[in-house]
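Input: a single structure, listed below in structure tokens.
Chain identifiers are assigned alphabetically (A, B, ...) following the order of the sequence lines, protein sequences preceding nucleic acid strands; residue numbering begins at 1 within each chain. The shown structure was predicted, so the numbers you read here are calculated from the model rather than taken from an experiment.
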Amino acid sequence: MPELPEVETMVRGIRPHVEGRQILSVQACDCPCRPMLIEPNLKTIQARVQGATVEQVRRRAKRVVMDLSTGDAFVIEPRMTGLMLLDEPPSVEHLRVEWTLSGSGEFDRLWYWDRRGLGTLRLLNAMQQEAVLGLSNLGPDALEMTIQNWVAICGATPTPIKVLLLNQKKVAGIGNLYASEILHLARIHPETPARSLKRPQIKRMAEAVQEILETAIRHEGSTLGDGTYRNALNKSGGYQNSHRVYDREDSLCLDCERGKIVRIVQSQRSTFFCRVCQRRTRSSP
DNA sequence: ATTAATGTTCAGAA
DNA sequence: TTTCTGAACATTAA
């Protein structure tokens, strides 16, 4: 679930309650499911974070980063169903990790909850942080992209633009849901080869990225039908009520009120778009 | 019973 | 060498 707006919402939710606090303990919850990936092993993590202070909570792409006073950082990758929570988890069953925080505050615990358990928790030193979070591994954050960045990544590649938007090495933070939303707002057909996008289209796309992601953040992300996504206080997001095309197959396009939303598959993922609003470009397949 | 789901990675093929 | 596809990871709900 979590794409950039959901991860940003998690970070904003926990930040005021976690920054400046000392870590008293980190524990893996004994949940009956298969264990998630934790690196290095928990014993090593516990020894390394003993008494450390959380200096900063931030987002990098779709990851939550907690910078510690020791120079190490927790990097949490929620993948499909991971959540950072301050209290009242959706279920005790899928609690995975529990941090206990020192000092006074509204909350004395922080949890990582993950139903499917595809997410990961890693404690990284400075060098590992650079390797995992740096520009050699992840492209610029979607909200930091310049027009020049967009022109450069669209460059000479025949890759369909929707697929390019999901490539985290080119641009980091956009996921399957928001890629469809962005291209609908920009009125670009998702199968358009990136290299055939013209300047005005690239500009529209760049603006759509900002508009869609910022609005989604303002609405605290999208909680889809299965209700999995929750903010740090276990409340649903609100952006699902503003979706233009995602999961609206066969519904009428809200913009043109003529076209039906269609669903296609690209790179094994669903893409939704309006045939009327998002016409193919000349050299599209 | 089958299928698909907001993400990433890896093996193997092209 | 590079790029793409399919499968895998684990769980749940339609």
Got a sec, which residues hit side-chain contact (heavy atoms from CB on, under 4.5 Å) with A/Glu8, two or more places apart in sequence or on another chain? A/Arg12, A/Arg59, A/Ile217

Value in whole Å for how far the P atom of B/dT8 lies from CG of A/Leu165: 14 Å

Within this structure, what is the CD-to-C1' distance between A/Glu249 and B/dA4, rounded to whole angstrom? 12 Å

Tell me: CG of A/Asp247 to P of B/dA5, nearest whole Å? 8 Å

Compare side-chain N and O positions of A/Lys169 against OP1 and OP2 of B/dT8 and report whether any pair is under 4.0 Å apart. no

Looking only at atom types and distance, does a side-chain atom of A/Gln46 sit under 3.5 Å from a main-chain N or O of A/Val26, one as donor and one as acceptor? yes

In chain order, what residues pass the salt bridge (Lys or Arg N to Asp or Glu O under 4.0 Å) check against A/Arg122, with sequence neighbours excluded? A/Glu77

Report the distance from atom CG of A/Leu165 to atom CD of A/Gln266, rounding to the nearest 0.5 Å. 10.0 Å

Is the shortest side-chain N/O distance from A/Tyr178 to OP1 or OP2 of B/dT6 below 4.0 Å? no

Give each protein N/O atom lying under 3.5 Å from an N/O atom of nucleotides 11-14 of chain B, with the pair distance.
none

Can you list everything that forms a salt bridge (Lys or Arg N to Asp or Glu O under 4.0 Å) with A/Asp87? Sequence neighbours excluded, please. none

What integer number of Å spans the P atoms of B/dT3 and C/dA7? 12 Å

B/dG7 C1' sits how many Å from A/Leu224 CG, rounded? 13 Å

All N/O pairs under 3.5 Å across the protein-nucleotides 10-14 of chain C interface:
residue, atom, partner, partner atom, Å
C/dA10, O4', A/Arg116, O, 3.0
C/dA10, N1, A/Arg116, NE, 3.0
C/dA10, N1, A/Arg116, NH2, 2.4
C/dA10, N3, A/Arg116, NE, 3.1
C/dT11, OP1, A/Arg34, N, 3.3
C/dT12, OP1, A/His94, NE2, 3.3

Rounded to whole Å, the CD-P distance (A/Glu3 to B/dT8) equals 9 Å

Salt bridge (Lys or Arg N to Asp or Glu O under 4.0 Å) between A/Arg96 and A/Asp114, worked out: CA-CA 7 Å; A/Arg96 308 275 176 167; A/Asp114 192 338; 5.1 Å; no

Among pairs that include at least one residue of residues 233-244 of chain A, which meet salt bridge (Lys or Arg N to Asp or Glu O under 4.0 Å), considering only residues two or more places apart or in two chains? A/Arg244-A/Asp255

For A/Arg58, what residues pass the salt bridge (Lys or Arg N to Asp or Glu O under 4.0 Å) criterion, not counting sequence neighbours? A/Asp67

How many whole angstroms separate atom CG of A/Leu213 from atom P of B/dT6? 16 Å

Sticking with atom P, work out how far C/dT12 lies from B/dT8, rounded to a whole angstrom. 22 Å

List in chain and number order the residues that pass ring pair (Phe, Tyr, Trp, His ring centres under 6.0 Å) with A/Phe272, two or more places apart in sequence or in another chain; answer none if no residue qualifies. A/Tyr246

For the backbone of A/Gly237 and the side chain of A/Thr223, can you confirm whether one donor and one acceptor N or O come within less than 3.5 Å of each other? yes

Would you say the side-chain atoms of A/Glu181 pair up with the backbone N or O of A/Val245, donor to acceptor, closer than 3.5 Å? yes

A/Met80 atom CE is separated from C/dA8 atom P, nearest whole Å, by 17 Å

Residue set satisfying salt bridge (Lys or Arg N to Asp or Glu O under 4.0 Å) with A/Lys260, at least two apart, ordered chain then number -> none

To the nearest Å, how far apart are A/Glu77 CD and B/dT8 C1'? 7 Å

Can you see if the side chain of A/Thr159 gets near the phosphate of C/dC4 - specifically, an N or O under 4.0 Å from OP1 or OP2? yes

Kindly give the cluster partners of A/Val65, where membership spreads through any ILVMFWY side chain lying under 4.5 Å from a current member. A/Val75, A/Leu124, A/Val132, A/Leu133

Pairing annotation in dot-bracket form, given for DNA chain C with Watson-Crick or G-U pairs under 3.5 Å and | for cross-strand partners: .||||||||.||||

Please give me every residue in residues 259-275 of chain A whose heavy atoms get under 4.0 Å of an atom in DNA chain B, ordered by residue number. A/Arg263, A/Arg269, A/Ser270

Is it true that a side-chain atom of A/Gln27 and a backbone atom of A/Val97 form a donor plus acceptor pair closer than 3.5 Å? no

